[in-house]
Amino acid sequence: MREKFNVVKLDTTNTSLVFAVNDGNLGIAHYGKKITDLPQSDSLDMFLLNGQWGASVDRFNITKMSYSFVGDGNMRESLVSVINSDGTYTSRFVYKKHSLVNGGIPLDDLPCARNAEKTLIVELADDYANLTLKQYYTVFKDSDIIAVRQELTNNGKGNVTVLRLMSLQLDVSGTSYNCVSFNGAWARERYRKDTAVTAGTWMIQSMGGQSSAIMNPFFMAKNPDGNGVYAFNLIYSGNHKEIVEACNDINSTRFLVGINDYCFNLTLKAGETFATPQAVMLFADSEQSVTSEMHNFVNNHIVDPKFAYKDRPLLLNNWEGTHFSFTEEKLLELADKAAELGVELFVLDDGWFGHRDNDTSSLGDWYDYKEKLNGSLGKLADKIRAKGLHFGIWVEPEMISEDSDLFRNHPEYAMIVPGREPIRRRNQLVLDLVNKDVQDYLIKEIGDVIERCKAYYVKWDCNRHISDIYSATIENTGEYFHRYVLGLYRVISALKKRFPDVLFESCSAGGNRFDLGMLYYMPQTWCSDMTEPRHRLSIQEGTLYAYPQSAIGAHVSACQNSSFESKFNVACLGAFGYELDATKCTQEELEIIKKQIVFYKQHRHLLQFGKYYRLKSIFGRERKSSWIIISEDKSEAIAFLAETDELINSVPSEWRFTGLDDNALYSFEVRPQNNFKSDVIASGTAGGDALNNCEFSFGKLFSDETDRQPYGTPLATRLIYFKRID
Ligand code: GLA
């Protein structure tokens, strides 16, 4: 039986993806743990997909495919959906050939994972409709991630309309997968949600032009029998859609990941090819392995290698300290304090351009607000650099205020549907980035800003969603959302090329565009405008499922309801900084900050790039939070413990660690905090095996209430530093 099949096996470090080809059909025989030899017995036939896969194959009976289309008899959500040049909807893609090539096959206009090892190219065709569909499966050395993308080519003479082309399809056996997604809103980004998909279709998506705070493209699907976890993400920053379809009729589940078909249709003219962004998939034994694999993948294959393992600067951003109300004098005072405290980078946020004193004007006018800055931006940057700090600048390039010279001179640059009143958000409109003139204008204007202040760092913000999609420069508005993303990537790529050493941080009203597409260009993303540490516990833990610490902008702010120490303990798990008016801090607070900065700098590399393990989950039953970050050689580690309840009449919590070297002896010490007494500082030594396997209550560590009661919060946090001594 098996000889009938042409088998194609693609291996990663720990997994195998096995295709079987027969009669022009391509099925997925296995995706999961690595297998070396394929079974040799007829009675163990892993390719008999639904028991019917013979010469008279009926697609309806093939339960596991890597592609699907309208009219294939499957009656499920499909990978491809087109209107052929003859006006019909039916497709018939069949397998033609495949080849294996070294490296990846990156695209010019979309970010693709870097440093690929090899790529399997599968070619399918619908000869009747003159369409070719190429599937690219790319693997990477020392990684279990497989990146998948599709290319559809119109070889005919007439136009074809693409209604949907997803990046990835995976069919697996069984139903009732527990899907874990990361959903939320502004200031509540990426909260974990679990949904068992027992019947019908479950979907996450974004529809506002960005990957969104509402539903991140990353999700996991846990096998209901406990046999591993599938995880998926998309290297794209626009509208995305992820579908999980429980097909009870054939006891199978289909996963689809790709560009959202909402407001989407694309005209594929004769000879044209449409390439999807890359999606990524992973099979792992546990959620923790998913996280570790995803973190490594981002650092090794997404982030610009120039920044991948480079320590991120410790910054002070003036936004929460001053908002729009600042003068040159105020900024210089702040910079003085920042330098005195040990900060390395000063970031000037919103309000330095045009005549912007509030959010009603000036977006688009990227020239200096000289009266406010008491001179030019360049001079201010020089003065700040003279204090020993790097200088960073905030911009919001994709937007336009109606009160701006840009709008007065080029109203056609704004995204407005002719004859309709546009929706305004934060008093602003979105620029039509599909228009090449707008792209070129941005490349020049933002380039000039970076040039004239010699920026070391740029915070690229985007403070509203896209609604009134329209461009006079394209015929088909169904292509708008995707072309916007291509326009954005073109602008960013040009600026990255011109300023390869500048560190970019992406932001979108906090974390509304936290995705692999933006991380490809900008190594870090501002995680959320919510800086209150109790809420941050959820936002950061949710984000960390898929994105590494170094990618997550996390700051201590002046929010009132937590101790400075808890704010630091929570925010130190990322690309760290302060966002407050340091001139208003008390001497005691300044001393605390100084000590925090010393600690952070001492352990920065470990905190930003060490291996992160979730211990207690804030989304779990206890709603406590703890993590540990361990260096690659396991010689040192930092753990974080957070009590989130008032401990009235309760026994102390017990904590367990993981990932330490079982055979090593460690010394440990709790980071001294000003809000608990020195005699309750825990320190000592312990074997790695005990730390990994026993539960510890840490004695009176949390018995002192000073970090809770004065702030009216139940949050109490501690950091523990471990060092191998034997
Ligand atoms: C957004 C960002 C903030 C800040 C403001 C400025 O909300 O998330 O960090 O930059 O814009 O207007």
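Since the model is a prediction, treat every value here as computed from it, not as a measurement. We're numbering straight along the sequence, starting at 1. Counting convention: from 1, in listed order, for ligands and their atoms alike.
For residues 447-459, the salt bridge (Lys or Arg N to Asp or Glu O under 4.0 Å) pairs, not counting sequence neighbours, are D349-K459, D368-R452, K444-D448, E451-R498. The salt bridge (Lys or Arg N to Asp or Glu O under 4.0 Å) analysis of residues 527-548, with sequence neighbours excluded, yields no pairs.
Ring centroids of F219 and F182 are separated by 6.0 Å or more, keeping the two rings apart.
For ligand 1, the 4.0 Å heavy-atom shell contains residues W319, D349, D350, W394, R426, K459, D461, N463, C507, A509, G510, W526, D529.
We find that K387 and E340 are not joined by a salt bridge, their nearest charged nitrogen and carboxylate oxygen being 4.0 Å or further apart. A salt bridge links R424 and E402; the closest N-O separation between the charged side-chain nitrogens and carboxylate oxygens is under 4.0 Å.
Residues satisfying the salt bridge (charged side-chain N to carboxylate O under 4.0 Å, His left out) test with K436, not counting sequence neighbours, are D440.
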